[in-house]
Amino acid sequence: DAEIEIDAKNGKVFGFVTNKILSHALPKNFKEFFVIEFSGEIDLLNTVAEIENTTAKTDSIYSGKDLKISLCFKDNNEKIAYKLATSYISLKQAEQNLKTEISEKSIETLSNEAKNLWNNYLSKIEIESENDAQMQTFYTCLWRTALFPHTFHEIDEKGEKIHYSTANGKVLKGPFYTDVGFWDVYRTSFPLITILCPEIYNDICKGLINFYKESGWLPRFSAPGPISCMPGTAIDMVFADAVKKGIVTDENDISIMLEGMLKHANEPCEDAKLGGRD
């Protein structure tokens with residue numbers, strides 16, 4: 001399902017979509033909000049929406065399943081640029097993300113910022129080889145290690161982290177991370193993160209603790225909500241590594257980690273998506 005509203009004069013399109021592959025793993029109110037700002041004025045009269053393969057037109061609001069919209073602009077000869085931002089929290093937060101992440105920056109500036117971020121991460125490990133294919137393989141694999149867990153929190157107008165909780169469907173304060181299973185990566189990519197980005201590892205642990213606070217259980221696999229996938233409680237090793245290496249030192253965080261681990265080990269959970277599993 002989707003709902004889209006068009007502010008033709010200001011060249012803005014905004015709304016939400018609820019397409020989700022793993023809908024059973026998410027609260028019913030889950031939506032992805034978006035806002036798109038175009039550089040040209042939209043010709044609403046000639047803009048057409050297709051809903052479930054039936055052409056439909058309204059004043060400015062469109063909603064339904066399999067919704068597609070063909071936008072038309074006042075000046076068809078003009079080169080149209082656009083800016084896009086999304087949010088799992090609200091339309092207002094999508095607007096905030098557009099403001100803080102893009103604002104008036106040019107595509108060149110944004111591209112350079114992205115390049116600098118990736119170069120900063122990839123340069124943490126330097127290798128030497130006369131084989132370009134080997135170099136490409138190594139740094140492509142290193143790039144992949146930074147893709148997950150998925151940062152699921154956003155930054156509000158006060159500069160603080162907030163998140164839509166896939167555990168209970170509420171918008172709450174603090175970090176949140178999803179789209180990760182622990183069965184294999186606890187001994188591969190997670191130990192690498194402890195070496196390359198210990199501060200991010202600490203934040204990931206805080207995000208996993210937030211999931212426990214909000215659901216009553218530690219996640220086994222999230223995509224982005226909890227799913228019954230990985231066996232056991234391999235998250236135990238993720239927490240143990242963080243404490244052993246001195247990355248998580250807050251006594252309250254450590255206490256909650258241990259509480260969750262013991263609960264998984266000793267208490268059955270009726271919900272197959274949560275709790276420990278053999």
Side-chain angles (χ1 to χ4, degrees), residues 84-86 88 97 100-102 105-155 159-161 163 166 174-212 218-224 227 229-250 253-254 256-258 260-261:
L84 166 67
T86 63
Y88 299 114
N97 294 341
T100 57
E101 297 177 15
I102 300 179
K105 296 177 182 178
S106 67
I107 185 65
E108 290 78 13
T109 298
L110 292 169
S111 178
N112 287 332
E113 287 180 355
K115 287 179 181 178
N116 289 336
L117 283 171
W118 279 113
N119 284 332
N120 180 61
Y121 178 74
L122 297 175
S123 64
K124 289 178 180 288
I125 299 179
E126 295 184 6
I127 64 170
E128 295 181 359
S129 175
E130 295 181 358
N131 188 318
D132 290 342
Q134 288 182 344
M135 295 281 285
Q136 186 177 28
T137 297
F138 176 83
Y139 284 105
T140 298
C141 291
L142 184 59
W143 166 75
R144 291 182 184 278
T145 65
L147 299 181
F148 301 101
H150 174 195
T151 301
F152 212 69
H153 55 262
E154 303 170 40
I155 307 300
E160 297 178 349
K161 294 175 183 177
H163 64 271
T166 62
F176 204 77
Y177 290 82
T178 63
D179 296 313
V180 64
F182 305 95
W183 181 65
D184 43 6
V185 293
Y186 78 86
R187 53 188 169 186
T188 53
S189 61
F190 270 96
L192 181 64
I193 297 172
T194 68
I195 298 171
L196 301 184
C197 307
E199 69 289 346
I200 293 178
Y201 198 96
N202 178 278
D203 205 50
I204 291 172
C205 287
K206 289 182 180 297
L208 299 174
I209 288 172
N210 281 335
F211 185 94
Y212 176 73
L218 293 169
R220 278 199 334 280
F221 196 104
S222 58
I227 59 176
C229 183
M230 297 296 181
T233 55
I235 192 174
D236 295 0
M237 280 71 82
V238 172
F239 283 164
D241 208 22
V243 176
K244 177 65 176 179
K245 293 178 179 176
I247 294 172
V248 174
T249 58
D250 183 271
D253 287 347
I254 295 173
I256 296 173
M257 286 177 175
L258 181 59
M261 292 159 62

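- Here Thr178 contributes atom OG1 and Leu208 contributes atom CG; the two are 10.0 Å apart, rounded to the nearest 0.5 Å.
- Salt bridge present: Asp203 and Lys161 bring a charged side-chain N and a carboxylate O closer than 4.0 Å.
- The 12-atom threshold is not exceeded at CD of Gln136, counting heavy atoms of other residues, nucleotides or ligands nearer than 6.0 Å.
- When atom types are taken as modelled, the side chain of Asn119 and the backbone of Lys115 share a donor-acceptor pair closer than 3.5 angstrom.
- A distance-only check finds a donor-acceptor pair linking the side chain of Asn210 to the backbone of Pro175 [under 3.5 Å].
- Taking 4.5 Å as the limit, some side-chain heavy atom of Asp241 sits within range of a side-chain heavy atom of Lys245.
- Put simply, CG on Leu147 and CG on Asp179 are 11.0 Å apart, with the number rounded to the nearest 0.5 Å.
- With values rounded to the nearest 0.5 angstrom, Leu192 atom CG is found 8.0 Å from Cys197 atom SG.
- For Thr145 (side chain) and Leu142 (main-chain N/O), a donor-acceptor pair under 3.5 Å exists by modelled atom type.
- When ring centroids are compared, His150 and Phe152 come within the 6.0 Å threshold.
- Defined by atom type and a distance below 3.5 Å, a donor-acceptor pair is missing between the side-chain atoms of Thr137 and Thr140.
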- Task: Dump the intermediate steps for side chain to side chain contact (heavy atoms under 4.5 Å, CB included) on Glu154 and Asn97, then the final yes or no.
- Result: CA-CA 8 Å; Glu154 303 170 40; Asn97 294 341; 2.8 Å; yes
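- Ser222 and Tyr177 are not linked by any side-chain donor-acceptor pair at a separation below 3.5 angstrom, with hydrogens and angles left out of the test.
- Within a 6.0 Å radius of NZ in Lys105, other residues, nucleotides and ligands contribute more than 12 heavy atoms.
- Among all heavy-atom pairs drawn from Tyr212 and Ile256, the shortest one is CD2-CG2, 3.6 Å.
- Shortest non-hydrogen contact noted between Tyr139 and Ile127 is OH-N, 3.3 Å.
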- Task: Take Tyr201 and Val248, measure what side chain to side chain contact (heavy atoms under 4.5 Å, CB included) needs, and give me the verdict at the end.
- Result: CA-CA 9 Å; Tyr201 198 96; Val248 174; 5.6 Å; no
- Message: As a quick check of understanding, evaluate side chain to side chain contact (heavy atoms under 4.5 Å, CB included) for Phe182 and Val180, giving each step before the final call.
- Response: CA-CA 7 Å; Phe182 305 95; Val180 64; 4.0 Å; yes
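- When every heavy atom of Thr166 is checked against every heavy atom of Phe176, the shortest pair comes out as OG1-CE2, 3.5 Å.
- Ile247 and Asn202 make their closest contact through O-ND2, 2.8 Å (heavy atoms, listed as atom of the first residue, atom of the second, distance).
- A donor and an acceptor atom, one from each side chain of Asp236 and Thr233, are located under 3.5 Å apart.
- Checking side-chain atoms of Asn112 against main-chain N and O of Glu108 turns up a donor-acceptor pair under 3.5 Å.
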- side chain to side chain contact (heavy atoms under 4.5 Å, CB included) evaluation trace for Trp118 with Trp143: CA-CA 8 Å; Trp118 279 113; Trp143 166 75; 3.1 Å; yes
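- Shown here for Gly174 and His163, the closest heavy-atom pair between the two residues is O-ND1, 2.8 Å.
- Taking CD1 of Ile235 as the reference point, atom SG of Cys205 lies at 8.0 Å (rounded to 0.5 Å).
- Atom NZ of residue Lys206 and atom NE2 of residue His153 lie 12.5 Å apart, to the nearest 0.5 angstrom.
- To the nearest 0.5 Å, atom CG of residue Leu196 and atom CD1 of residue Ile125 are 4.5 Å apart.
- Nearest heavy-atom pair across Asp253 and Asp250 is N-OD1, 2.9 Å.
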